[in-house]
Participant: 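Okay, here's the structure, questions in a sec.
Residue numbers start at 1 and run along the sequence shown. As the structure lists them, so they are numbered: ligands from 1, and atoms in each ligand from 1.
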Amino acid sequence: MRSAKDFFRPLAVGAPAPVREVPFRPSRMIHFFDPGNEKMAAKVPDLVRRVDVLLGNLEDAVPADRKEAARAGLVRIARGTDFGGTQLWTRINSLDSPWALDDLLTLGTEIGDKLDVVMVPKVEGAQDIHYVDRLLAQLEARAGLSRPILVHAILETAAGVANVEEIAGASPRMQGISLGPADLAASRRMKTTRVGGGHPGYLVREDATGPDAPRATFQQDLWHYTIARMVDACAAHGILPYYGPFGDIGDVTACEDQFRNAFLLGCVGAWTLHPVQIAVARRVFSPAPQDVAWARRVIEAMGDGTGAVMIDGKMQDDATYKQCLVVAGLADTLAARDPELAQAYATPHTPHQEAHR
Ligand code: GLV
Ligand code: MG
C-alpha cells in the first residue's frame with residue numbers, strides 16, 4: 001500500500017517532482033520511425049515540421065541484430081535535432097526482452113532532457129509501470145533532470161485490458177495509453193491476421209424475410225469494446241487515450257474510418273506508420289471548422305452554462321455546453337500550433353511559446 005500523500009513524492013533522491021496534471025500538448029499523430037535506418041534518419045528534420053510527435057521506435061519492426069544500432073541512432077538524432085514544439089517520444093523494447101533495461105539506461109542518461117515520453121509495450125499490469133517509474137526516477141536523478149519523463153502504455157495484452165484501470169492510475173508519470181490491435185489480437189487468440197481495422201467476417205445479418213429474400217450484412221467494429229474501455233480508464237485518471245497502428249498503408253479510406261471512430265469515442269490521436277497517414281491523422285484529429293463554429297455558438301448562447309436554450313431546434317444544456325467546451329478548447333490548443341487551423345477556426349495564431357524541455 002502506498003499512501004496517497006506519497007504519490008507525488010519523487011521515487012529517488014534528487015529526481016524531479018512528479019507532474020500533478022498531464023500537460024495537454026497536441027499529439028494528433030505519433031509518427032513512428034526506425035532511428036537505426038540512415039534513410040529515415042535523414043528525413044527527421046522534415047518530419048519534425050509535419051508531425052506533433054516523432055517517435056523513435058526500438059521495439060517490434062526493428063530486427064534483433066539492429067536493436068543497438070536503433071538505440072544509438074536515436075541518441076544521435078535526439079542530440080543533433082532541434083525539435084521546436086514537436087515532441088520526441090520513444091518506444092522501448094518490452095520489459096521481458098533482453099534490451100529494455102539498456103534502452104532505459106541509455107536513453108534516460110544520455111537524452112533524458114530531450115525525451116518527452118517513453119512508450120512501454122505489452123504492459124500487463126500496474127507492476128510494469130511501477131518498475132519503469134522507479135527506474136526513471138533513478139535515471140533522472142543521475143542525469144540531473146529538472147522535469148520528469150512521462151510514461152505511455154500500449155494496451156496490447158489480454159491481461160493489460162483486464163487491468164487497464166490500474167495501469168492508467170499506476171503513477172503520476174502516466175501520460176496516456178494506446179490501443180495496440182496487432183499484439184492484442186495475438187494475445188487474445190483472435191483469428192485475424194491484420195494490424196487494426198475491421199474484418200469482413202465480423203458482422204451481423206439482417207433477419208430473413210422469406211426463403212430466398214436477399215439479406216444484407218453489416219460489418220461490425222472489432223475494436224469498439226477495447227477502445228471504449230481504454231477511453232474510460234484514461235478519462236477517469238486524467239490521462240490521454242490513442243488509437244495505435246493501422247497496417248494497411250494503401251487503404252487510407254479505412255485508416256481514416258478507424259481513426260475517426262477512435263476520435264469520436266474520445267481518443268486524441270493515433271500512430272502513423274507511413275507519411276501518407278500523417279495527413280489522415282491531422283484531418284481526423286483536428287475538429288471540423290463547422291463543429292468548432294457550432295461549439296462556440298452554443299458556448300456563447302449558454303452564458304454561465306446553466307439552464308437550457310434552443311438553437312436551431314436543438315436543446316442545449318449543461319451537458320451539451322460541456323461537450324462544446326471540449327471541442328472549442330481542443331480547437332484553440334491546436335490552432336496555437338497550426339497556423340492553417342488557426343485560420344480555419346478564425347482564431348488569432350500565437351506561435352508556440354512553450355520552451356522545448
Ligand atoms: C502495436 O504495437 C500493436 O501490436 O498493434
Ligand atoms: Mg505491438
Side-chain angles (χ1 to χ4, degrees), residues 27 29-36 40 51 53-64 66-67 70 74 89-100 103 117-125 128-129 132 151-164 167-168 174-199 202 221-231 233-234 240-249 251 254-255 257-259 261-263 265 267-274 277-278 280-281:
S27 45
M29 65 299 285
I30 302 167
H31 190 74
F32 273 54
F33 79 105
D34 173 356
M40 282 195 198
V51 302
V53 177
L54 195 62
L55 180 145
N57 177 34
L58 306 185
E59 199 221 12
D60 294 353
V62 176
R66 309 243 344 121
K67 293 290 186 190
L74 183 55
W89 295 18
T90 186
R91 177 170 76 167
I92 59 166
N93 286 286
S94 62
L95 300 181
D96 62 356
S97 77
W99 306 290
D103 291 344
V117 174
V118 169
M119 183 182 275
V120 183
K122 301 178 178 77
V123 170
E124 302 207 314
D128 292 336
I129 304 302
V132 172
V151 167
H152 182 109
I154 311 180
L155 194 60
E156 55 180 352
T157 65
V161 176
N163 296 323
V164 65
I167 292 169
M174 280 300 295
Q175 177 273 347
I177 300 181
S178 288
L179 172 74
D183 270 301
L184 184 54
S187 170
R188 282 176 170 165
R189 304 181 62 77
M190 289 166 67
K191 307 305 179 290
T192 53
T193 54
R194 305 171 168 212
V195 178
H199 191 288
Y202 192 70
D221 183 356
L222 282 169
W223 303 110
H224 176 80
Y225 154 76
T226 318
I227 294 179
R229 202 166 158 196
M230 175 182 77
V231 168
C234 288
L240 305 171
Y242 298 79
Y243 176 77
F246 189 87
D248 190 346
I249 305 298
D251 193 351
C255 176
D257 294 338
Q258 176 73 79
F259 284 7
N261 287 348
F263 174 67
L265 277 177
C267 291
V268 298
W271 303 3
T272 52
L273 307 181
H274 185 279
Q277 295 181 337
I278 294 174
V280 177

Participant: Are any of the N/O atoms in Arg91 less than 3.5 Å from those in ligand 1?
Facilitator: yes
Participant: So, Asp183 and the Mg ion (ligand 2): N/O/S under 2.8 Å, yes or no?
Facilitator: yes
Participant: In Glu156, which N, O or S atom comes closest to the Mg ion (ligand 2)?
Facilitator: OE1
Participant: Quick one: nearest non-hydrogen protein atom to atom 5 (O) of ligand 1, plus distance?
Facilitator: Ala182 N, 2.8 Å
Participant: Would you call Arg194 and Asp248 a salt bridge, using N to O less than 4.0 angstrom?
Facilitator: no
Participant: Test your reading of the structure: does Ile154 have an N or O sitting under 3.5 Å from an N or O of ligand 1?
Facilitator: no
Participant: Indicate, as side chain, backbone, both or neither, the part of Trp271 found under 4.0 angstrom from ligand 1 when only non-hydrogen atoms are considered.
Facilitator: side chain
Participant: Atom 2 (O) of ligand 1: which of Met119, Arg194, Glu156 has the nearest heavy atom?
Facilitator: Glu156
Participant: Side chain, backbone, both or neither: which applies to Pro121 and ligand 1 if a contact is any heavy-atom pair less than 4.0 Å apart?
Facilitator: neither
Participant: Strictly under 2.8 Å, is any N, O or S atom of Asp60 next to the Mg ion (ligand 2)?
Facilitator: no
Participant: Say whether Arg188 and Thr226, considering side chains only, have a donor N or O and an acceptor N or O under 3.5 Å apart.
Facilitator: yes
Participant: Over 60° means perpendicular and under 30° means parallel, so classify the ring planes of Tyr242 and Trp89, tilted if in between.
Facilitator: perpendicular
Participant: Any idea which atoms of ligand 1 are less than 4.0 Å away from a heavy-atom of Asp183?
Facilitator: 3 (C), 4 (O), 5 (O)
